[in-house]
**Student:** 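I'd like to ask some things about the structure below.
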Amino acid sequence: GWKFNWHKKKIALGTCSYNRKKIYLAEWYVELNDKDEVMDTILHEIAHAIDILKRGYTRHDKVWKAICDELGCSDKTTFDSVEDNIIMPLAPYVIICQKCGYCEPKYRKPSKKPSVCNGCGYNNGLYKLIKQ
């Protein structure tokens, strides 16, 4: 009884919803990235669905990782677009640290400036917001 659907989230490649019994993939992710990466994400979400059917819940724990092993998919729990070579859609906003120049894309206009830079750790909120 599980189904598939698309979502428009920019920070999740795929998700698994137990309540709706659906696996979701980000449209942009499938359009911009290669099929091997996408297939790995599909299998990752199927591992969550199998885990839910077996245990009634799912976590990124050793039981879930064993299911990933059986399916032959990655058990990574998060992604780094640069490290994992994932092509991301253009973000409408970018925040830039005024101290070190670290840039971070934002898909929604931030309601407040970050307190800590992910680049230099500087904690004074000296950021510039640019709309692309």
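Both backbone and side-chain heavy atoms feed into the values below; hydrogens, waters and symmetry mates do not.
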**Student:** If only atom types and distance count, is the side chain of Y107 paired as donor or acceptor with the main-chain N or O of P89 below 3.5 Å?
**Tutor:**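 Confirmed, Y107 side chain pairs with P89 backbone.
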**Student:** Quick one: pull up SG in C68 and NE2 in H48 and give me the separation to the nearest 0.5 Å.
**Tutor:**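 Nearest 0.5 Å value for the SG-NE2 distance: 7.0 Å.
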**Student:** Could you walk me through whether Y102 and C120 pass side-chain contact (heavy atoms from CB on, under 4.5 Å), step by step?
**Tutor:** CA-CA 8 Å; Y102 174 81; C120 66; over 6 Å; no
**Student:** Quick one: does E45's side chain get under 4.5 Å of F4's, heavy atoms only?
**Tutor:**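 A side-chain contact is absent here, since even the closest heavy-atom pair is not under 4.5 Å.
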**Student:** How many angstroms lie between atom CG of D80 and atom CG of N85, to the nearest 0.5 angstrom?
**Tutor:**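 Answer rounded to 0.5 Å: 10.5 Å.
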**Student:** Minimum heavy-atom separation for I96 to G101, with atom names?
**Tutor:**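 Smallest interatomic distance, heavy atoms only, reads CG2-O, 4.0 Å.
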**Student:** Side chains of K76 and H60, heavy atoms from C-beta outward: is any pair under 4.5 Å?
**Tutor:**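 No, their side chains stay 4.5 Å or more apart.
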**Student:** Rounded to the nearest 0.5 Å, how far apart are CD1 of I67 and CG of L43?
**Tutor:**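 Going from the CD1 atom of I67 to the CG atom of L43 covers 12.5 Å.
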**Student:** Report the C-alpha separation of I52 and C16 in whole Å, then their side-chain angles, then the decisive distance to 0.1 Å, and conclude whether the side-chain contact (heavy atoms from CB on, under 4.5 Å) test is met.
**Tutor:** CA-CA 10 Å; I52 289 167; C16 176; 4.0 Å; yes
**Student:** If Ile, Leu, Val, Met, Phe, Trp and Tyr residues are connected whenever their side-chain heavy atoms lie under 4.5 Å apart, and connections chain through other members, are M88 and V30 in the same group?
**Tutor:**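 Cluster IDs for M88 and V30 match.
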**Student:** Between Y29 and E37, is there a donor-acceptor pair closer than 3.5 Å when you use the side chain of the first and the backbone of the second?
**Tutor:**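 The answer is yes, because a donor-acceptor pair under 3.5 Å joins these two groups.
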**Student:** Do R59 and W64 make a side-chain contact, defined as non-hydrogen atoms from C-beta onward lying under 4.5 Å apart?
**Tutor:**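 No, every pair of side-chain atoms sits at 4.5 Å or beyond.
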**Student:** Got a donor-acceptor contact below 3.5 angstrom from the W6 side chain to the W28 backbone?
**Tutor:**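 Pair absent, no side-chain N/O of W6 close to backbone of W28.
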**Student:** Between atom CD1 of I87 and atom CD of E31, what is the distance when rounded to the nearest 0.5 Å?
**Tutor:**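 Reported value, rounded in 0.5 Å steps: 12.0 Å.
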**Student:** Could you see if Y18 belongs to whatever hydrophobic cluster contains L25? Use Ile, Leu, Val, Met, Phe, Trp, Tyr and a side-chain cutoff under 4.5 Å.
**Tutor:**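 Linked within one cluster.
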**Student:** Determine, stepwise, if the pair Y93 / L129 fulfils side-chain contact (heavy atoms from CB on, under 4.5 Å).
**Tutor:** CA-CA 7 Å; Y93 300 94; L129 179 66; 4.0 Å; yes
**Student:** Drop me the distance from E27's CD to K8's NZ, to the nearest 0.5 angstrom.
**Tutor:**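 The NZ atom of K8 is 4.0 Å from CD of E27, to the nearest 0.5 Å.
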**Student:** With a 6.0 Å cut-off (strictly less than), is the heavy-atom count around CG of N5, excluding the residue itself, greater than 12?
**Tutor:**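 Yes, because the 6.0 Å sphere around CG of N5 holds more than 12 heavy atoms from other groups.
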**Student:** Which atom names give the shortest non-hydrogen contact between A26 and A12, and what distance separates them?
**Tutor:**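 That closest heavy-atom pairing would be CB-O, 3.5 Å.
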**Student:** Roughly how far apart are I86 CD1 and L13 CG, rounded to 0.5 Å?
**Tutor:**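 The distance works out to 4.5 Å.
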**Student:** Are I42 and I23 close enough that some pair of their side-chain heavy atoms sits under 4.5 Å apart?
**Tutor:**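 No; the side chains remain at least 4.5 Å from each other.
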**Student:** Does W2 share a hydrophobic cluster with L71, counting links as ILVMFWY side-chain heavy atoms below 4.5 Å and allowing steps through other members?
**Tutor:**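 In one cluster: yes.
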**Student:** Mark yes or no for whether D40, through its side chain, and D36, through its backbone, hold a donor-acceptor pair below 3.5 Å.
**Tutor:**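 Such a contact is absent between D40 side chain and D36 backbone.
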